[in-house]
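Just so you know, ligand 1 is whichever comes first in the structure, and atom 1 is the first atom listed for that ligand.
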Amino acid sequence: MTKVFAVLGVVGMLAGASILHAHDRAPKGPSEDGTLPALVKIAGEGEMNSHAFEFLTELSDDVGARVTGTPAERKAEDWGVAKMQAIGLTNVHKEKYTIWKGWTRGTAEAELLTPVRHKLHVDSMGWTGSTPAGGVEADVVAVNLFDIDNEIKNVSRLKGKVALVVAKGNARRMGIEGFIRMGELIRAARPAGAIAIIGGQGGGMAAGMNLTHTGILGFDADFAVPVVSMTAEDQGQLERYLDRGITPHVRFNIQNTFTNGPVETANVVGEIRGTEHPEQILVVGGHLDSWDLAEGTTDNGSGTATALGAADAIVRSGEKPRRTIRFVLFTGEEQGLDGSSAYVKQHQSEMANHLGDLILDAGQGPVKGFQLGGRDDLIAAFQPFARSLANLGPMTVDDKIESGTDTLPFSIVGLPGINMDQDTSEYKFTHHSAADALEAQKPDVLTKNATLMALAAFWIADRPDRFAAPWPAKRTARMLRDQHEYEELKAFNLWPYGDLGAEKDDTPQN
Ligand SMILES: [Zn+2]
């Protein structure tokens, strides 16, 4: 959010507050709206009788890595169904959908041959291809992320080479445009005869000591050319050689397998039915699928265990919300939010009855706030609830959209895709890497995050007034543009609103 929008937001909130005061309808928190006794019971179950870490241990060690569309991921679906049934959720079932193509990781071997000889640590990016069987030798050349236009124009110079993505000079092109343009370069590289590309998601360098980070390179994007993430230590050395005018010579043997699509997968769904308005639904969840360099604990076993732990705490409390809480463990998140997009499509006819979704997908760190996914109108209503959590820590509330997880498809249809904002100081090393294992998750932090999710879910579903309904298309389109989502959605063919919201007028929108 820009400073301009932040200022407008404050003005809007002040105006809103005075109107509310005039009507004597200041937003009520749990101690005024009648939800507090139930929340106290749920907090007790969540903190004193939690099974969240048990769930995470099972998912990590007994199911393990679970790439969407693979047998391991189907095993995870069955595990999710069994857990939801054991917890006592109702209407537990799978909702099938397909992704465009399947992918299986094979080997990724790389060696620096000159000027010195040693093994290079690489892993394939998801849904990328292979070198000729047995591998090939090649020189390494640099391609500049900040000069992508010229690199695409001169892509023929990559023939027979391994391209190393570097970032030199003016950084104005970074961010989502870098990500998009990087995809264009990778797409052009194979027909031009490139052997392989070294570079992570968005062309970024791997974070952490001797870690690689796999991941997809676009929404539902696959590439015939092998693209690898290389450890920062090895990549840095290659780049230093190139800077000195020395051409490193390497041997690459990268083997992966594509499976022709469509490939079947499924979201896992279970409910706590509402007592007064069962047709009104809050979706609560995380994603069940993971990458495959480790056991997928923090991305997003933590979110899965948080959602199941939250469900467990609410069921054990014996408290029933007025509206339905629908727990959904999405698959296909890592390939481009495919599970949550499929959910929104499959439930199109009942989206008007949805209240939004509530997601945890930033790993193992403590929750420090709630991002209301574009809905600035809900900040004032949510704040008294956030303040009621003061004993569990300070909680920030804003209307930011988190576009990197299953909140985005809900924000696109004008509902609050609520992201539980977390400390990511350790997640930045574990996600998509070989360090994504149970050792990374502190049980007490997971327990507290699950309790916070249970409290937020129950409060939203049970408060006397309906928390949210979808915004109309025009207001949603304007909001998405203001939050700078348009460029990305347009580039990946996900923008559904045409020219809507583009006109710059001062008319207040409703
Ligand atoms: Zn994730």
Side-chain angles (χ1 to χ4, degrees), residues 52 55-56 59-60 63-70 72-73 76-77 80 99 103 125-127 179 200-202 204 207-208 211-221 229 265 267-268 283-308 327-343 357-365 367 371 373 401-411 417-438 440-441 445-446 449-450 453:
F55 300 150
L56 185 59
L59 182 60
S60 301
V63 179
R66 44 202 182 276
V67 174
T68 305
T70 63
E73 183 265 303
E77 292 168 20
I99 62 167
W103 182 81
M125 300 303 290
W127 272 254
F179 198 94
Q201 285 186 302
L211 289 176
T212 62
H213 294 267
T214 189
I216 203 82
L217 293 163
F219 286 81
D220 295 353
S229 170
T265 177
N267 297 322
V268 178
V283 169
V284 175
H287 69 88
L288 187 56
D289 67 305
S290 77
W291 286 108
D292 54 349
L293 298 182
E295 51 188 17
T297 296
T298 68
D299 191 9
N300 184 229
S302 297
T304 296
T306 297
L308 292 175
F327 294 91
V328 184
L329 305 178
F330 295 107
T331 58
E333 193 275 349
E334 295 292 357
Q335 287 66 47
L337 318 180
D338 294 341
S340 47
S341 298
Y343 177 93
D357 79 340
L358 174 67
I359 297 289
L360 183 141
D361 182 22
Q364 63 271 54
V367 169
Q371 299 173 321
I401 290 181
E402 174 49 69
S403 62
T405 188
D406 297 312
T407 46
L408 181 63
F410 285 75
S411 290
I418 304 172
N419 182 49
M420 297 182 74
D421 190 25
Q422 294 171 265
D423 179 301
T424 55
S425 51
E426 295 178 7
Y427 183 65
K428 68 178 178 226
F429 303 123
T430 61
H431 85 111
H432 301 197
S433 83
D436 195 1
L438 195 64
Q441 178 69 68
V445 177
L446 177 71
N449 287 352
M453 183 182 261

Are side-chain N/O atoms of T214 and S229 paired as donor and acceptor at under 3.5 Å? no
With no hydrogens and no angle check, do the side chains of E333 and S340 hold a donor and an acceptor under 3.5 Å apart? no
Total protein N/O/S atoms whose distance from the Zn ion (ligand 1) is less than 2.8 Å: 4
Any donor-acceptor N or O pair under 3.5 Å, side chains Q335, T68: yes
Just checking, is any N or O donor in the side chain of W291 or E334 under 3.5 Å from an acceptor N or O on the other one? yes
No-hydrogen, no-angle side-chain donor-acceptor test under 3.5 Å, Q441 and T298: no
With no hydrogens and no angle check, just 3.5 Å: does a side-chain donor-acceptor pair link H287 and D361? yes
